[in-house]
Amino acid sequence: MPWPGESLKGWPDGELRIPMRLSQYFMPILRDDPKEAEIVSHKLMLRCGMIRQEAAGCYSWLPLGFRVLKKIEQIVREEQNRAGAIEVLMPTIQPADLWRKSGRYDAYGKEMLRIKDRHDRDMLFGPTNEEMITDIFRQGVKSYKDLPRNLYHIQWKFRDEVRPRFGVMRGREFLMKDAYSFDLTREAGQHSYNKMFVSYLKTFARMGLKAVPMRAETGPIGGKDSHEFLILAETGESGVFFDRAFLDMDWTAFDIDYDDVGAVARVVEDFTSKYAATDEKHDAAEFDRRVPEAARVTGRGIEVGHIFFFGTKYSEPMGAVVQGPDGKMVPVESGSYGIGVSRLVGGIIEASHDEAGIIWPEAVAPFKVGLINLKAGDADTDAACETIYKALEAKGVEVLYDDRDERPGGKFATMDLIGLPWQVIIGPRGLKDGIAEVKNRKTGERENVALATLLERF
RNA sequence: CGGAGUGUAGCGCAGUCUGGUAGCGCACCUGCUUCGGGAGCAGGGGGUCGGAGGUUCGAAUCCUCUCACUCCGACCA
């Protein structure tokens with residue numbers, strides 16, 4: 001991976017790195033596709049026992065799915081932190097008054113889940129947090145000297161979609177990272193926007209995705225500048241049109257200094273200079289004029305991120321003002337920046353699977369290695385597997401050990417289905433010659449590796 | 001929110017038209033034989049048939065109401 005040394009260490013998520021014996025795990029595999037699942041990621045997530053539907057658009061995350069969700073969340077967190085954003089955590093339930101102030105309580109419509117508490121007070125399950133964060137910011141910051149700031153949280157949202165579908169891709173309850181920037185001037189706000197832009201490219205690239213930034217509608221959030229980040233997938237909900245040159249760009253070359261305004265702007269410039277648009281913003285004439293025919297890519301995409309620069313849209317009505325150097329009170333310039341964390345789980349599967357199952361990019365894989373004991377119960381294979389399992393554990397390699405007393409065929413099928421990047425296959429046949437078989441899930445390549453050097457592979 | 005459909009065992013389904021002992025495959029449990037890409041045989045466990053009313057000697061099946069879920073269209077991280 002492009003950014004070696006990234007890890008979950010230092011966060012509670014590190015606890016998720018523990019290895020596991022399949023005989024002691026909870027991973028209810030289905031052999032058949034549940035009928036309600038229409039798209040491949042939904043089918044695979046259900047078949048792998050990653051999620052379970054509790055109501056339309058609401059899911060329980062079972063152990064395997066939970067691990068992936070947490071890994072994605074942690075990558076998002078690391079890249080937000082690196083770009084200078086500061087993590088907070090706001091509640092899922094918000095008072096309606098906050099939304100009355102911004103005027104969105106009525107404007108948001110039925111998509112907002114409205115509830116009353118025991119005192120008959122109007123509450124709501126937050127679909128987003130512009131109002132709340134602006135209020136928090138307003139109370140905490142009074143001077144231009146306290147700017148810029150960018151606060152984010154990773155929290156469950158609820159949008160009472162008319163028609164939830166496609167599993168976690170369009171759930172009603174979903175995990176979203178949302179960040180909010182506050183600046184004194186338009187120019188400074190633009191830099192904050194640009195930093196998020198670059199960090200998004202990097203965040204998605206770390207997950208093995210090429211998420212193409214496209215000029216977007218601002219929708220109910222409102223504002224001036226907006227980009228959506230879309231990954232290509234046939235089952236995507238948006239039509240996309242873009243220059244093939246995007247796919248050939250170096251998606252790993254923006255390990256830049258986020259304080260370098262010019263450098264950040266150049267990356268944004270680089271990634272916005274080529275044509276890329278969703279069907280909403282698509283201009284066929286411009287597409288034809290700017291993109292040579294051979295380079296025109298049309299297809300479908302999944303929106304995994306969306307950034308907005310909306311200036312003073314919320315700061316003005318909500319009185320989020322600071323005192324400038326000249327002593328005057330000015331409303332702050334803001335932007336908001338979302339990443340669909342739970343949607344990404346489905347999105348990555350849509351972008352990375354084959355006939356046999358999921359193919360996890362290593363950075364988000366629930367385990368790095370699947371250790372297959374082909375003959376559980378046989379003293380020699382048991383002992384060899386046990387040694388390898390312990391050694392991988394000691395080395396900090398996340399391993400799922402299939403120690404069940406099952407037939408080899410089923411174990412292979414299960415391991416392919418859940419898509420761990422590496423399979424280490426141990427059977428009497430290989431053991432006789434002191435070798436293990438190492439299979440790369442993505443390429444299908446198998447290699448015989450001497451047991452003595454096996455550990456060096458991981 | 002308009003249109004279409006489905007609810008029967010963990011999953012996939014039959015049975016409903018024509019009322020009469022709740023079934024099949026996979027999964028699960030036991031035993032034996034197997035064991036390098038989803039084995040075979042034998043035995044076994046598991047269901048208030050989405051819910052509530054009604055008709056009937058008798059309802060998964062007929063009637064009424066209701067709930068949930070899925071799909072297609074207009075909206076969205």
Side-chain angles (χ1 to χ4, degrees), chain A residues 28-39 42-43 46-47 49 52-58 76 108-112 126-130 154-179 200 211 216-221 226-231 236-238 278 280 302-308 336-347 355-357 372-378 381 404-417 423 425-432 435-437 439 444 446 448:
Chain A
I29 298 282
L30 298 176
R31 213 162 144 168
D32 303 309
D33 290 333
K35 68 173 173 195
E36 76 262 25
E38 200 62 20
I39 62 170
H42 192 196
K43 286 179 184 170
L46 290 167
R47 286 194 56 205
R52 202 184 84 111
Q53 181 169 318
E54 302 296 353
C58 299
V76 170
Y108 219 93
K110 297 191 80 171
E111 215 163 85
M112 181 149 69
T128 179
N129 286 69
E130 277 85 4
I154 300 172
Q155 177 65 293
W156 292 94
K157 306 293 188 292
F158 194 95
R159 294 184 189 172
D160 202 355
E161 298 276 348
V162 185
R163 185 146 100 81
R165 60 189 131 170
F166 303 152
V168 299
M169 304 276 284
R170 176 160 299 282
R172 289 193 293 175
E173 190 182 48
F174 58 96
L175 187 61
M176 181 166 94
K177 184 284 298 182
D178 40 324
Y200 274 34
E217 296 286 357
T218 50
I221 308 274
S226 178
H227 287 91
E228 292 179 340
F229 291 74
L230 290 102
I231 56 177
E237 294 187 84
S238 315
T278 62
E280 291 173 332
I302 298 166
E303 182 185 351
V304 290
H306 200 156
I307 60 178
F308 302 86
S336 77
Y337 315 91
I339 290 180
V341 175
S342 48
R343 171 181 284 185
L344 272 165
V345 180
E355 293 294 296
I372 300 178
N373 183 339
L374 285 181
K375 198 167 184 179
D378 176 84
T381 43
R404 298 169 307 160
D405 183 16
E406 295 290 334
R407 298 167 55 78
K411 292 193 172 189
F412 288 133
T414 297
M415 209 53 94
D416 284 350
L417 177 67
Q423 296 174 14
I425 301 158
I426 303 294
R429 191 195 289 173
L431 275 186
K432 195 159 42 95
I435 57 167
E437 190 176 311
K439 177 180 159 181
R446 301 145 179 280
N448 288 324

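Naming convention: chains lettered A, B, ... in sequence-line order (proteins, then strands); numbering from 1 in each chain.
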Name the nucleic acid region contacted by A/Gly109, choosing base, sugar-phosphate or nothing; use a 4.0 angstrom heavy-atom cut-off, strictly under.
nothing
Name the residue from A/Glu237, A/Arg343, A/His42 that meets the side chain to side chain contact (heavy atoms under 4.5 Å, CB included) definition with A/Phe166.
A/Glu237
Check for a donor-acceptor pair, side chain of A/Tyr200 on one end and backbone N or O of A/His306 on the other, with a separation under 3.5 Å.
no
Among B/G38, B/A77, B/C28, find the nucleotide with the atom closest to the side chain of A/Arg47.
B/G38
Nearest to side-chain heavy atoms of A/Phe174, which nucleotide of B/G38, B/G12, B/A77:
B/A77
May I ask whether A/Phe412 stacks on the base of B/G38, given the cut-offs of 5.5 Å between ring centres and 30° between planes?
no
Which value, in whole Å, describes the distance between the P atoms of nucleotides B/C63 and B/G20?
15 Å
May I ask you to verify if any side-chain N or O of A/Gln53 is less than 4.0 angstrom from the OP1 or OP2 atom of B/A68?
no
Whole angstrom is fine here: how far is it from CG in A/Leu417 over to P in B/C11?
17 Å
Across the strands shown, which category fits A/Ala413 at heavy-atom distances under 4.0 angstrom: base, sugar-phosphate, nothing?
base
Separation between the C1' atoms of B/G7 and B/C13, rounded to whole Å:
13 Å
Closest of B/G38, B/C72, B/G36 to the A/Ile425 side chain is B/G36
How many whole angstroms separate atom CD of A/Glu36 from atom P of B/G10?
14 Å
So what's B/A60 paired with, Watson-Crick or G-U wobble, going by both distances under 3.5 Å?
none
Nearest-angstrom distance from the residue atom NZ of A/Lys439 to C1' of B/G37:
8 Å
Would you mind telling me which of B/A77, B/U70, B/G73 lies closest to the side-chain atoms of A/His306?
B/A77
Below 3.5 Å, does any donor atom in the side chain of A/Asp33 face an acceptor in the base of B/G12, or the other way round?
no
Determine the Euclidean distance between corresponding P atoms of B/A60 and B/G53; express it in Å to zero decimal places.
14 Å
For B/G12 and B/A27, measure between their P atoms and round to the nearest Å.
15 Å
A/Arg31 side-chain N/O to B/A27 phosphate OP1/OP2 under 4.0 Å:
yes
Among the nucleotides B/C35, B/G12, B/C1, which one has an atom lying closest to any side-chain atom of A/Lys110?
B/C1
Side-chain donor/acceptor of A/Glu437 to base of B/G36, under 3.5 Å:
yes
Out of B/G37, B/G38, B/A77, which nucleotide sits closest to the side chain of A/Arg446?
B/G37
When all nucleic acid strands are considered with a 4.0 Å heavy-atom cut-off, which category describes A/Leu374: base, sugar-phosphate, or nothing?
base
For A/Val341, report the nucleic acid contact type (base, sugar-phosphate, nothing); a contact means any heavy atom under 4.0 Å.
nothing
Let me see the working for A/Asn129 and A/Met176 under side-chain contact (heavy atoms from CB on, under 4.5 Å), right down to the final yes or no.
CA-CA 11 Å; A/Asn129 286 69; A/Met176 181 166 94; over 6 Å; no
Within this structure, what is the CG-to-C1' distance between A/Asp160 and B/A77, rounded to whole angstrom?
16 Å
Please classify the nucleic acid contact of A/Gly410 as base, sugar-phosphate, or nothing, using heavy-atom distances under 4.0 Å.
base
Rounded to the nearest angstrom, tell me the gap between atom CG in A/Asp378 and atom C1' in B/U34.
15 Å
Can you measure A/Arg163 atom CZ to B/C71 atom C1' for me and round it to whole angstrom units?
6 Å
On a whole-Å scale, what distance lies between the P atoms belonging to B/U8 and B/A14?
11 Å
Between CZ of A/Arg165 and P of B/G73 the distance, given in whole Å, is 7 Å
If we call it a pair only when both distances are under 3.5 Å in a Watson-Crick or G-U wobble match, what pairs with B/G5?
B/C69
Checking A/Arg172 side chain against A/Asp160 main chain: does a donor-acceptor pair fall under 3.5 Å?
no
A/Lys35 side chain, from C-beta outward: closest of B/G73, B/C13, B/C35
B/C13
Nucleotide B/G73, atom P - distance to CD of A/Glu38 in whole Å:
11 Å
Go through the N and O atoms of the side chain of A/Arg407 and the base of B/A39, and report whether any donor-acceptor pair is under 3.5 Å.
yes
Taking A/Lys411 for its side chain and A/Asn373 for its backbone only, find out whether a donor-acceptor pair lies under 3.5 Å.
yes
Heavy-atom nearest nucleotide on RNA chain B for A/Met169 versus A/Gln423: which residue maps closer to 5'?
A/Gln423
With a non-hydrogen cut-off below 4.0 angstrom, is A/Gly171 in contact with a base, only sugar-phosphate, or nothing?
base
Compare the minimum distances between each of B/A77, B/C75, B/C1 and the side chain of A/Val162, then state the nucleotide with the smallest one.
B/C1
Any strand is fair game: report the nucleotide pairing with B/C24 by Watson-Crick or G-U wobble, both distances under 3.5 Å, or none.
B/G12
On RNA chain B, does the nearest nucleotide to A/Gly427 precede the nearest nucleotide to A/Glu303 from the 5' side, or the other way round? Give the residue.
A/Gly427
